[in-house]
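What follows is one structure encoded as structure tokens, with my remarks underneath.
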There are 2 protein chains.
Amino acid sequence: MGDSVKEKIVVSTLKLISEKGYRSTTTRNIAEEAGVNEVTIFRCFRSKKDIVLYALKELELLKPMDKKILEKCKWDLKEDLLMLAEEYHKNFTEDKAKIMIGLRSPEIFEEVKEYLMRIPKGFKDVLIEYFKIMYQKGMLNNDDFELLAFSFLSLNFGFILMKASYGRKLIGFSNDEFVRRSIEIFVKGIAKSS
Amino acid sequence: MGDSVKEKIVVSTLKLISEKGYRSTTTRNIAEEAGVNEVTIFRCFRSKKDIVLYALKELELLKPMDKKILEKCKWDLKEDLLMLAEEYHKNFTEDKAKIMIGLRSPEIFEEVKEYLMRIPKGFKDVLIEYFKIMYQKGMLNNDDFELLAFSFLSLNFGFILMKASYGRKLIGFSNDEFVRRSIEIFVKGIAKSS
DNA sequence: CATTTATGCAAGTAATTGCTTACAAAAATA
DNA sequence: TATTTTTGTAAGCAATTACTTGCATAAATG
């Protein structure tokens, strides 16, 4: 089984899961979507579950945000939070959010839960670190770093999940616009007034 | 079929869907959970799908927030937003969030989508109305009401969904604590400085 | 008490699903 | 060209699932 075949299967699987959920995505669906015979799937992977586990483990599909990102900071609240949020949205797209939702199936959820948590957890850790430093620099009016991180995370996570769930019917903003303007509010809320 | 039986079936169905999703919740599961024979289910409802539709339509499980809630406002930003958020969290619990996620199955999603959107949509509408009035009263530094509403909604929606998805492993706050303190930040961000 | 109604029980059906087997056709490799 | 590896095809199996049927029992209702 060539690597390109394996990849096609993985990509198709994730696509279908994001649309229909894990349980409703059948191996026949996957085969059709990948333009491959169903048997080929089981020659590449031991089971349907294995496709997902492979995607999460080997492909590092959901790798968390690295703290190295902090090196990019200019230590200006607005500028930095915008950069961090953009990085988050770049990584945690609407599609990935749908995959996360789609993997909420008992046959697989316990095994993938840890992976699914990585993105929000990684972002949260980076934010806590960032806010700690900013507080030491005297730029913040609040020293509950976990609260700050979590508020900012909820704001962004909530936005993506709502968009993934209800799409444009509920949301009149582009990602960029929402991020930029909600950050302005947030910054006003936490910046030390001089 | 007595009403109490019907109710037991509905409650069990929703509970199981919140845990395992629609597709993975079998009619046998439901029967067992409800302490009822599987056949009884099909005597009360025409199909599995009908149970959910009945729950959403007849039980008004997900009824949106009413604009009458605005009558409770004291027209103090912090106090009002706290009240509105509490009302939202009272209505849109972790369990309901799980049901929303669990209903993301192709056999049923299109038919329930509209209902699932009601809660966030209703909350958003109320918020827009509220912010409009507060702006007229000269209490806000921002007149993009949809942005304000949506930021606040994302914050609360994101929090509940994260809690529903990852539970306490990621989140160290109680609902009350998070709501209270995140609102303080938000209010600082949008209140007109006098 | 007589009759209707609601429920349980046992069995089963047709469709779907994850996965397997056996064999032939390509396609890559030597 | 000869051989090995990869893929397609066809068929099917065992388990599961939504839903049905027929009949017995109990409970409510007249």
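Model, not experiment: these values are computed from the prediction. Letters A, B, ... mirror the listed sequences (proteins, then strands); counts begin at 1.
Donor-acceptor pairing under 3.5 Å, judged by distance alone, is absent between the side chain of A/Arg46 and the base of C/dG18.
Computed from coordinates, the A/Asn37 CG to C/dC23 C1' distance equals 13 Å when rounded to whole Å. Rounded to whole angstrom, the span from the CD1 atom of A/Ile41 across to the P atom of C/dG18 amounts to 9 Å. In this structure, the NZ atom of A/Lys8 is 10 Å from the C1' atom of D/dT7, given to the nearest Å. The CZ-P distance, from B/Phe42 to D/dG22, rounds to 17 Å in whole Å. As rounded to whole Å, 11 Å separates atom P of D/dT20 from atom CZ of B/Arg43. For the pair B/Ile9 CD1 and D/dA18 C1', the computed distance is 15 Å after rounding to whole Å. We find that CZ of A/Arg28 is positioned 14 Å from P of C/dA15, with the value rounded to whole Å. Distance, B/Asp50 CG to D/dC19 C1': 13 Å, rounded to whole Å.
Test B/Ile101, B/Ile51, B/Leu103, B/Ile30 against B/Ile17 for side-chain contact (heavy atoms from CB on, under 4.5 Å) and you get one pass: B/Leu103.
For B/Lys6 and B/Phe45, the positive end sits near the middle of the six-membered ring, less than 6.0 Å away and at most 45° from its axis. Seen from the ring of B/Phe42, B/Lys48 does not count as a face-on cation partner, given the 6.0 Å and 45° thresholds.
Comparing D/dC19, C/dT7, C/dC19 by their nearest atom to the side chain of A/Lys48 picks out C/dC19. Distance from the side chain of A/Ser47 is smallest to C/dC19 among D/dA18, C/dC19, C/dT7.
Here B/Thr25 lies in heavy-atom contact (under 4.0 Å) with sugar-phosphate atoms only.
Heavy-atom distances to DNA chain C give each of A/Val39 and A/Arg23 a nearest nucleotide, and the one nearer the 5′ end belongs to A/Arg23.
The closest side-chain donor-acceptor pair between A/Lys63 and A/Asn91, if any, does not fall under 3.5 angstrom. A side-chain donor-acceptor contact under 3.5 Å links A/Asn29 and A/Thr26.
Listed pair B/Thr40 / C/dA6 fails the phosphate criterion, with no side-chain N or O lying under 4.0 Å from OP1 or OP2.
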